[in-house]
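Structure, as structure tokens:
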Amino acid sequence: MIKAIRGTRDLLPPEMALWNFVEAAVRDVFRAYNFHEIRTPIFEDTQLFSRSVGEETDIVSKEMYTWQDQGRAQSDKGQSLTLRPENTAGVVRAYIEHNLQARGLSKLYYIGPQFRRERPQKGRYRQFYQIGAEILGPATAGSESPARDAEILELLSTLLDRLGIKGWTLHLNSIGCANDRAKYNEALRKALDPVKDKMDPDCQRRAVTNPLRVFDCKVPEDQPIIEKLPRISEFLDEPCRQHFEQVQEILKSVGVEFELNDRLVRGLDYYTRTAFEFTHGALGAQNAMLGGGRYDGLSESLGGPPAPGIGFAIGEDRLVMSLTESAEAVVRKPDVYIAPLGPGMNKEAARLARELRRHDLVVELGDESFRLKKSLETAAKLGSEYALIAGENELSTGVFALKNLATGEQKSIARDALAQTIQRM
RNA sequence: GUGGGAGUAGCUCAACUGGCAGAGCACCGGACUGUGGCUCCGACGGUUGCGGGUUCGAUUCCCGUCUCCCACCCCA
């Protein structure tokens with residue numbers, strides 16, 4: 001038997017209804033904040049990711065699905081292509097390619113699959129779905145303002161509330177401007193140098209390759225060392241510190257709760273200044289439900305114009321997982337099940353169905369070969385509100401038997417009044 | 001990529017130390033010719049994840065492999 005490959009899965013009804021519910025709510029919220037949808041290709045030039053996400057990151061160094069495309073001519077080598085492991089790079093590429101800076105501030109959102117070749121576990125898949133958004137544009141359009149950071153965070157809290165997700169925590173940090181980062185990295189290396197030999201091998205490796213990531217170390221024995229390390233907050237220059245202050249002030253004024261977490265660092269190279277993460281208790285070890293941050297230099301590093309920006313990505317798989325409502329609750333059940341009774345009645349049933357569906361009713365059809373008992377059973381099993389009996393008697397009199405399956409009450413309704421009666425539930 | 005656990009009917013799970021692969025629910029049909037939910041009866045349902053090995057005999061023991069789950073790494 002051919003099976004779905006490792007780390008991929010089928011989303012079947014009724015769970016799929018939950019995904020649609022989430023996406024509809026998300027689009028609704030984005031509309032209120034004047035975001036507009038963008039779709040970018042699911043594969044791109046490999047360099048787009050290595051240059052933005054960072055050559056040294058796990059994502060680029062070992063998790064990408066990359067292949068050599070065929071060239072046009074037999075002799076051509078073709079180019080290296082990659083299934084997108086995240087969507088910010090693609091959005092920024094599109095921003096540059098279509099000269100969106102000419103339109104002022106861009107507020108874009110996307111929903112779609114991403115691909116990373118990691119070992120699957122709960123809440124982690126090789127094809128997973130992200131809902132994300134980006135605000136970027138010329139600094140003169142306000143893209144750099146702390147108001148944008150706050151707007152993004154406030155939007156997210158609205159979205160989670162709207163979906164009825166309880167028990168989330170917003171972790172907030174600033175990882176500094178480019179200058180701060182350089183100074184801070186230097187200080188970190190200096191502080192780590194005498195002590196790193198005592199650390200877990202894995203943490204040691206980070207101390208060398210990317211000192212910031214030492215803060216992600218979870219080995220208990222290393223915690224005392226980590227606690228004593230200098231913090232980025234001590235290295236922020238004045239504009240950067242003020243920017244972060246203002247983000248916090250706006251959040252307080254709109255009533256969005258957050259926790260400062262100066263150990264929150266993020267894995268992608270392009271992040272600067274504001275970094276954040278929303279966690280949720282019900283997700284096990286993969287408790288990051290969404291994350292994001294500012295990326296003021298990304299556009300330029302991809303050869304584009306200056307376009308400071310901030311964005312986030314929600315793990316849709318994890319978001320759906322944390323929803324408490326059952327999938328059944330959001331599935332729309334049939335309003336009426338039509339039971340054609342006796343030879344030749346399928347034709348009549350089809351006409352009835354057509355009429356009722358035009359009134360925006362959800363209609364399911366039986367078959368003239370079914371016994372009435374079977375039709376009623378099926379109708380009840382599907383959760384249909386009504387059963388409509390279409391037999392010889394009804395056809396000749398023009399008056400149909402309409403049965404409410406919840407109460408068992410049955411009425412005779414003239415053909416013209418059927419849709420109206422069913423709608424009045 | 002590393003460590004641990006688990007794969008038996010559509011679903012949830014049994015099967016003693018190696019001895020005829022089972023139950024509940026679901027599904028289908030009947031009792032009941034145009035009236036569902038309750039009840040009763042019956043039928044269907046399996047390469048025991050896959051491949052090899054040991055054995056008279058393997059769901060059970062051994063090896064390999066695949067998938068899922070938990071954790072690490074990392075991230076959404």
Side-chain angles (χ1 to χ4, degrees), chain A residues 1-9 12 53-54 56-63 84-88 111-132 156 200-203 205-206 210 213 216-219 264-268 271 276-280 283-293 311-322 337 339-343 345 366 368-384 386-395 400-410:
Chain A
M1 183 173 59
I2 299 174
K3 296 193 287 188
I5 62 174
R6 183 176 174 78
T8 71
R9 59 183 178 150
L12 305 172
V53 175
E56 300 306 316
T57 59
D58 283 12
I59 292 178
V60 171
S61 63
K62 57 187 192 195
E63 295 174 359
R84 64 185 186 199
E86 58 100 50
N87 217 335
T88 299
I111 300 174
Q114 319 291 336
F115 305 85
R116 291 181 200 171
R117 198 180 180 290
E118 295 180 277
R119 179 109 170 224
Q121 75 187 68
K122 194 174 205 67
R124 161 177 295 166
Y125 305 95
R126 288 181 170 185
Q127 174 173 336
F128 60 104
Y129 294 81
Q130 284 189 334
I131 299 168
L156 284 165
D200 173 84
D202 201 62
C203 305
R205 183 177 51 78
R206 294 183 207 191
N210 190 351
R213 299 217 60 88
D216 271 346
C217 262
K218 285 161 196 151
V219 186
L264 173 68
V265 293
R266 297 194 51 79
L268 282 49
Y271 282 120
F276 58 88
E277 213 168 85
F278 285 66
T279 58
H280 193 273
L283 295 174
Q286 309 305 322
N287 67 352
M289 182 163 55
L290 70 94
F312 64 83
I314 303 172
E316 191 175 3
D317 307 75
R318 294 178 185 178
L319 183 69
V320 168
M321 208 181 305
S322 68
Y337 182 99
L341 210 58
M345 294 309 292
E368 62 186 31
S369 68
F370 294 171
R371 286 164 50 186
L372 182 57
K373 175 187 163 63
K374 174 172 171 167
S375 285
L376 291 175
E377 264 172 12
T378 306
K381 200 159 55 193
L382 291 174
S384 181
Y386 289 97
L388 174 61
I389 298 165
E392 303 283 349
N393 300 344
E394 285 77 8
L395 187 55
F400 289 80
L402 184 67
K403 179 164 190 166
N404 182 317
L405 289 163
T407 64
E409 187 188 6
Q410 185 165 319

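Letters go in sequence order (proteins before strands), and every chain restarts at 1.
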Quiz item: In whole Å, what separates the P atom of B:C13 from that of B:C69?
Solution: 15 Å
Practice problem: Can you figure out which of B:U67, B:U33, B:G36 approaches the side chain of A:Arg371 most closely? | Solution: B:U33
Quiz item: Is there a Watson-Crick or G-U wobble partner for B:C13 with both distances under 3.5 Å, and which nucleotide is it?
Solution: B:G22
Exercise. Check the distance between B:C27's P and A:Lys374's NZ and give it to me in whole angstrom.
Key: 12 Å
Quiz item: Among B:G1, B:G36, B:G34, which nucleotide sits nearest the side chain of A:Arg119?
Solution: B:G1
Exercise. In whole angstrom, give me the gap between the C1' atoms of B:U2 and B:U48.
Key: 30 Å
Quiz item: Considering heavy-atom distances to RNA chain B, does A:Lys62 or A:Phe278 have its closest nucleotide positioned more toward the 5' end?
Solution: A:Lys62
Quiz item: Is there a donor-acceptor contact under 3.5 Å from the side chain of A:Arg318 to the main chain of A:Met289?
Solution: no
Self-check item: Closest approach of A:Leu264 to A:Phe276 (non-hydrogen atoms, all atoms of both residues)
Solution: CD2-CA, 3.6 Å
Exercise. For A:Gly408, report the nucleic acid contact type (base, sugar-phosphate, nothing); a contact means any heavy atom under 4.0 Å.
Key: base
Exercise. Look at A:Lys403 and B:U35 and indicate whether a side-chain polar atom (N or O) is within less than 4.0 Å of OP1 or OP2.
Key: no
Exercise. Could you tell me whether the phosphate oxygens of B:A71, OP1 or OP2, come under 4.0 Å of any side-chain nitrogen or oxygen in A:Gln121?
Key: yes
Quiz item: Below 4.5 Å, heavy atoms only, C-beta onward: do A:Glu86 and A:Val53 meet side chain to side chain?
Solution: yes
Quiz item: Which part of the nucleic acid, if any, lies within reach of A:Ile389 when heavy atoms closer than 4.0 Å are counted: base, sugar-phosphate only, or nothing?
Solution: base
Quiz item: What does A:Leu341 touch in the nucleic acid at a heavy-atom separation under 4.0 angstrom: a base, only the sugar-phosphate, or nothing?
Solution: base
Practice problem: Please report the shortest heavy-atom distance between A:Thr279 and A:Ala288, naming the atom on each side. | Solution: CG2-CA, 4.4 Å
Quiz item: If you measure from the C1' atom in B:C20 to the same atom in B:G46, how many Å do you get, rounded?
Solution: 15 Å
Quiz item: With a non-hydrogen cut-off below 4.0 angstrom, is A:Glu316 in contact with a base, only sugar-phosphate, or nothing?
Solution: nothing
Quiz prompt | Touch class at under 4.0 angstrom, heavy-atom based, for A:Gly342 against every strand present | solution = nothing
Practice problem: Give A:Tyr125 one of three labels, base, sugar-phosphate or nothing, depending on what nucleic acid heavy atoms sit under 4.0 Å from its own. | Solution: base
Quiz item: Hey, does A:Glu86 reach any base, or is it just sugar-phosphate, or nothing, if we go heavy atoms under 4.0 Å?
Solution: nothing
Quiz item: Reckon A:Asp317 touches a base, only the sugar-phosphate, or nothing at all at heavy-atom distances under 4.0 Å?
Solution: nothing
Practice problem: Using the P atom on both, measure B:G7 against B:C61 and round to a whole Å. | Solution: 11 Å
Quiz prompt | Rounded distance in Å - CG (A:Asn404) to C1' (B:U35) | solution = 14 Å
Quiz item: Over how many whole Å does the gap from A:Tyr386 atom OH to B:G36 atom C1' extend?
Solution: 16 Å
Practice problem: Report yes or no: does A:Arg9 contribute a side-chain atom to a donor-acceptor pair with the main-chain N or O of A:Gln127 at less than 3.5 Å? | Solution: no
Quiz item: Taking the P atom of each, how far is B:C44 from B:G30, in whole Å?
Solution: 16 Å
Quiz item: A:Arg124 or A:Phe370: which one's nearest nucleotide on RNA chain B is closer to the 5' end?
Solution: A:Phe370
Exercise. Look only at the side chain of A:Arg126 and the backbone of A:Pro120, and say whether a donor-acceptor pair between them is shorter than 3.5 Å.
Key: no
Quiz item: Which whole-number value in Å describes the distance from A:Glu377 CD to B:U35 C1'?
Solution: 11 Å
Self-check item: Residue A:Arg318, side-chain atoms from C-beta onward, closest of B:C72, B:U35, B:A76
Solution: B:A76
Self-check item: Atom-to-atom span, NZ of A:Lys373 to P of B:C40 - whole angstrom
Solution: 14 Å
Quiz prompt | Same-atom distance (P) from B:C40 to B:U8, integer angstrom | solution = 30 Å
Practice problem: In whole angstrom, give the distance that lies between atom NZ of A:Lys122 and atom P of B:G5. | Solution: 20 Å
Quiz item: Whole-Å distance between B:U35 P and A:Glu394 CD?
Solution: 12 Å
Quiz item: Using atom C1' of each nucleotide, how far apart are B:G18 and B:A23 to the nearest Å?
Solution: 23 Å
Quiz item: Judged by atom type as modelled, is there a donor-acceptor pair below 3.5 Å linking the side chain of A:Asp317 to the main-chain atoms of A:Arg124?
Solution: no
Quiz item: A:Lys381 has a side chain; which of B:G34, B:C70, B:C27 sits nearest to it?
Solution: B:C27
Self-check item: Atom-pair distance (CD1 on A:Ile5; C1' on B:C68), nearest Å
Solution: 15 Å
